[in-house]
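Reviewing the structure listed below.
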Amino acid sequence: MNSLSPEEQQNVALSEFPEILQKEEKKPQEHHLPELRNHGGKVVMRMAPSPSGPLHIGHSRMAILNDEYVRRYGGELILRIEDTNPANIDPFAYEQIPRDLEWLGVRVDRIVIQSDRMEIYYQEARKLIEMGKIYACTCKTEEFKAKLLKSIACPHRDQDISINLKAFENATAGKTKSKEAAFVVKTDLDHPNPSVRDWIAFRVLDHPHPRHGDKYHLYPLMNFSVAVDDHLLGLTHVIRGKDHINNTEKQKYIFRYNGWTLPEYYHYGLVNFPDVILKTSIIKKGIQAGQFSGWDDIRLGTIMAFRKRGYRKETFRKYWIDSGMREIDSEFSKEIFNSINKSFIDNTTPRLFFVRNPVVLRIDNLNASGVDIPNHPTNRELGHRHYDIRYDTRIAVSSDDWTSLQPGDTIRLKDFCNIRKTSDGAEFAGKEMVKGIPIIQWVPDPEIQFTVYRPDGTSDTGFVEKYIQNGSGLFQFERYGYVNKGSDSAGYFLHR
RNA sequence: GCUCCGGUGGUGUAGCACGGUCAAGCAUUAGGGACUCUCAAUCCCCCGACUCGGGUCCAAAUCCCGACCGGAGCACCA
């Protein structure tokens, strides 16, 4: 069977086992996301990154999952920038996050910045204080924790509402010192999970905010502002990482006290990214120390870095849709990701020869006047490139190829001619294709030095064809890999 | 330690809500082959999994219990 050509194989299958082919025609097995619960028509969804830095590959999952569902059902996708911790903000992120999302093809309908909504959180807090659901606590952090661990109420828990209100006004007015007071949501002191018992909703913090300077002194913690916004923004479904499961439990108390309807929650499993640098704190330090060139350093796992290397946005989407929304933790597969990416680029990417660690040869008796090389093995639309060849044209090959040969060995310069290695150089060995001999890439009249930077921090340098100057974007360097051109002399390695 | 969640081939998943059509599908990787002036693409073939032990049932990957393993959270980060 294997000795037949593909068409012959097809024919045999067709005549002898028609049911096999029919079966395959049934469905191309497109992966798709499950239906959402209670999605009565339109949905309102959100993604909520903190502006500690640009988005990375991990964020892309949440962005694409949410975007996919809003596209499917219609509705609204909100980008909510969660900047209620002024100590962990990189102002650059405010502008870069929307750019990252746009590049990913995520359609954001509305941007909400939490620090612009402080008065709303204060208002909601006052309401809950008046309802007796939030109290001001002036315990020391350690005492507070210790008590909760034993399910013991702290002395402030039942103090008069007027005291709590007064404390709140003092705190918002900046009359309270950091750590001197916190505002706590009453939940259930007997809740099995100690972290859900009476959790802190606001903290006093004197740290300048990049957007608001010293205007605010009392900041909501994530669980409070998220709950309030999820309701006020009309969220119908929330999709986020499993690390938020416990937060969901806490947030539900705010919904319950206000009589608000809960959104449907989904939590996808955590993804482990081996060998990918994602932590913004590490990246920041590295950039400051000059170890990384910036947020788009190709050694990083940021969206900017993937983009710089030439990945297609479609790859992110397909990868995350394929991964689904299961709650199991998983490992990011670079192999699958790259394979998906290749399927998007292969047919439209022009080929070029690149010889790293080059050896420049003069070929004795070179008998040719010119050569045309196709830019793609099957896609004719990409045309071809032409070189004039003289008897003394110098030719570069990769030493990786050349040094493995013995004098007398013959190889073929792809799409051109055969050469034979001699004791001190090379000689012409005919133009006709000889089956079975190795075929290598080559560069005539080598002039253009090119360096390929690789994501592992290494680089390769050699000669590339001069036609690199005529194009931009992606090339496939034959037998080497895909490279995204940065300039006429350097580029970034994408994948094989 | 406590709380919660989860365990399908090397990797990513489908199936599990309503047990039989699943001696388990797809993709990727590894291997073999066809084709090919790339060690690419394409095509064909092939290796490979329901964590374990009990239970319910005519029938369990699917339901129940236990064990084991893994993950997350554990309070002034998001």
Side-chain angles (χ1 to χ4, degrees), chain A residues 1-10 12-13 27-32 34 37 48-52 82-85 87-88 114 137 141 144-145 148-149 178-179 181-184 191-205 219-223 225-226 240-250 267 269-272 274 318-319 321-324 326-340 342-343 346-347 349 351 353 373-374 376-379 412-418 433-435 437-441 476-482 496:
Chain A
M1 190 74 180
N2 289 338
S3 62
L4 303 176
S5 73
E7 298 88 78
E8 286 169 326
Q9 291 176 13
Q10 182 88 357
V12 171
K27 260 181 198 166
Q29 273 273 341
E30 262 304 300
H31 224 98
H32 58 98
R37 298 182 292 260
S50 72
S52 54
E82 305 206 329
D83 58 346
T84 52
N85 177 10
N88 186 31
Q114 285 196 313
C137 177
T141 305
F144 183 71
K145 283 188 196 178
L148 284 185
L149 216 48
S178 198
K179 290 264 181 183
F183 295 86
V184 181
H191 195 283
N193 183 347
S195 80
V196 178
R197 299 172 194 160
D198 282 25
W199 51 268
I200 294 172
F202 286 85
R203 59 170 169 167
V204 177
L205 190 62
Y219 286 92
L221 260 8
M222 179 251 202
N223 280 310
S225 50
V226 163
R240 54 183 174 178
K242 214 172 134 182
D243 47 330
H244 287 293
I245 286 179
N246 283 310
N247 291 323
T248 302
E249 280 311 300
K250 299 184 193 185
H267 300 97
L270 260 82
V271 186
N272 177 36
K318 177 153 173 41
Y319 187 85
I321 290 174
D322 283 357
S323 298
R326 306 181 71 190
E327 242 174 71
I328 348 164
D329 303 326
S330 62
E331 185 152 324
F332 180 76
S333 171
K334 227 180 266 187
E335 284 163 349
I336 292 177
F337 193 76
N338 287 344
S339 161
I340 292 170
K342 190 189 280 179
S343 72
D346 187 73
N347 195 41
T349 305
R351 271 53 173 170
F353 295 150
I373 305 172
H376 192 282
T378 52
N379 184 354
R412 181 162 181 86
L413 302 179
K414 187 166 183 281
D415 298 313
F416 181 35
C417 71
N418 311 317
M433 177 66 188
V434 180
K435 286 256 175 200
I437 64 169
I439 299 165
I440 66 169
Q441 74 275 26
Q476 190 212 55
F477 289 179
E478 290 201 19
R479 295 173 71 230
Y480 179 81
Y482 295 91
R496 270 196 69 86

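Each chain gets a letter, A, B and so on, in the order its sequence line appears, and its residues count up from 1. Please read these numbers as outputs of a predicted model, since none were measured by experiment.
Nucleotides A30(B) and C57(B) are separated by 41 Å at their C1' atoms, to the nearest Å. For C65(B) and C18(B), the P atoms lie 15 Å apart once the distance is rounded to whole Å. Spacing between A41(B) and U8(B) at atom P, rounded to whole Å, works out to 29 Å. One P atom belongs to A27(B), the other to A67(B), and the distance between them is 39 Å to the nearest Å. To the nearest whole angstrom, the two C1' atoms, one in U29(B) and one in G12(B), are 11 Å apart. Here, C68(B) and G31(B) have their P atoms 39 Å apart, quoted to the whole Å. Between U3(B) and A61(B), the distance separating the two P atoms is 32 Å to the nearest Å. G33(B) and G70(B): their P atoms are spaced 40 Å apart (whole Å).
Among the atoms of the strands shown, none is found under 4.0 Å from any heavy atom of Glu249(A). Residue Asp415(A) is classed as a base contact, given a heavy-atom separation below 4.0 Å to a base. Thr141(A) comes within contact range of at least one nucleobase, with a heavy-atom separation under 4.0 Å. Using a 4.0 Å heavy-atom cutoff across all strands shown, Tyr480(A) reaches no nucleic acid atom at all. Within the nucleic acid shown, Leu149(A) comes within 4.0 Å of at least one base atom, counting heavy atoms only. Within 4.0 Å (heavy atoms only), His191(A) reaches no atom of the nucleic acid at all. Contact annotation for Leu270(A): backbone-only contact, meaning every heavy-atom pair under 4.0 Å involves sugar-phosphate atoms and none involves a base. Here Glu335(A) lies in heavy-atom contact (under 4.0 Å) with a base. Contact annotation for Lys342(A): backbone-only contact, meaning every heavy-atom pair under 4.0 Å involves sugar-phosphate atoms and none involves a base.
In this model, no side-chain donor or acceptor of Glu327(A) finds a partner on the base of G7(B) within 3.5 Å.
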Q) side chain to side chain contact (heavy atoms under 4.5 Å, CB included) between His191(A) and Asp198(A): does it pass, once the steps are laid out? A) CA-CA 9 Å; His191(A) 195 283; Asp198(A) 282 25; over 6 Å; no
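Between Ser330(A) and U13(B) there is a side-chain N or O to OP1 or OP2 distance below 4.0 Å. A close approach under 4.0 Å does occur between a side-chain nitrogen or oxygen of Arg326(A) and OP1 or OP2 of A14(B).
Across A78(B), A40(B), G73(B), the shortest atom-to-atom separation from the side chain of Thr84(A) is found for A78(B).
Nucleotide C74(B) has G1(B) as its partner under the Watson-Crick or G-U criteria, with both atom distances under 3.5 Å. Across every strand in view, G48(B) sits unpaired, with no contact that passes the Watson-Crick or G-U test at under 3.5 angstrom. Summarising the base pairing, U13(B) is matched to G25(B) through a Watson-Crick or G-U wobble pair whose two defining distances lie under 3.5 Å. Under the Watson-Crick or G-U wobble criterion, with both distances below 3.5 Å, C57(B) has no partner in any strand shown. The partner of U38(B) is absent, by the rule that a Watson-Crick or G-U pair needs both atom distances under 3.5 Å. The partner of G19(B), taking Watson-Crick or G-U wobble pairs whose two distances both stay under 3.5 Å, does not exist in any strand shown.
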Anything under 3.5 Å between a protein N or O and an N or O of nucleotides 63-68 of chain B, put it in a table, one pair a line.
none

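Projected onto RNA chain B by closest heavy-atom contact, Pro192(A) and Ser343(A) fall at different nucleotides, the more 5' of which corresponds to Pro192(A). The nearest heavy atom of RNA chain B to Arg197(A) and to Pro220(A) marks one nucleotide each, and the one closer to the 5' end goes with Arg197(A).
Shown here for Leu270(A) and Asp329(A), the closest heavy-atom pair between the two residues is N-OD1, 2.9 Å. In plain terms, the two heavy atoms of Leu149(A) and Arg197(A) that are nearest each other are O-NH1, 3.2 Å.
Using a 30° and 60° split on the angle between ring planes, Phe202(A) and Phe183(A) fall in the perpendicular class, above 60°.
Glycosidic torsion of A23(B) falls outside 90° of 0, placing the base in anti.
One interatomic measurement links the two molecules: NE2 of His267(A) to P of G73(B), which rounds to 13 Å at whole-angstrom precision.
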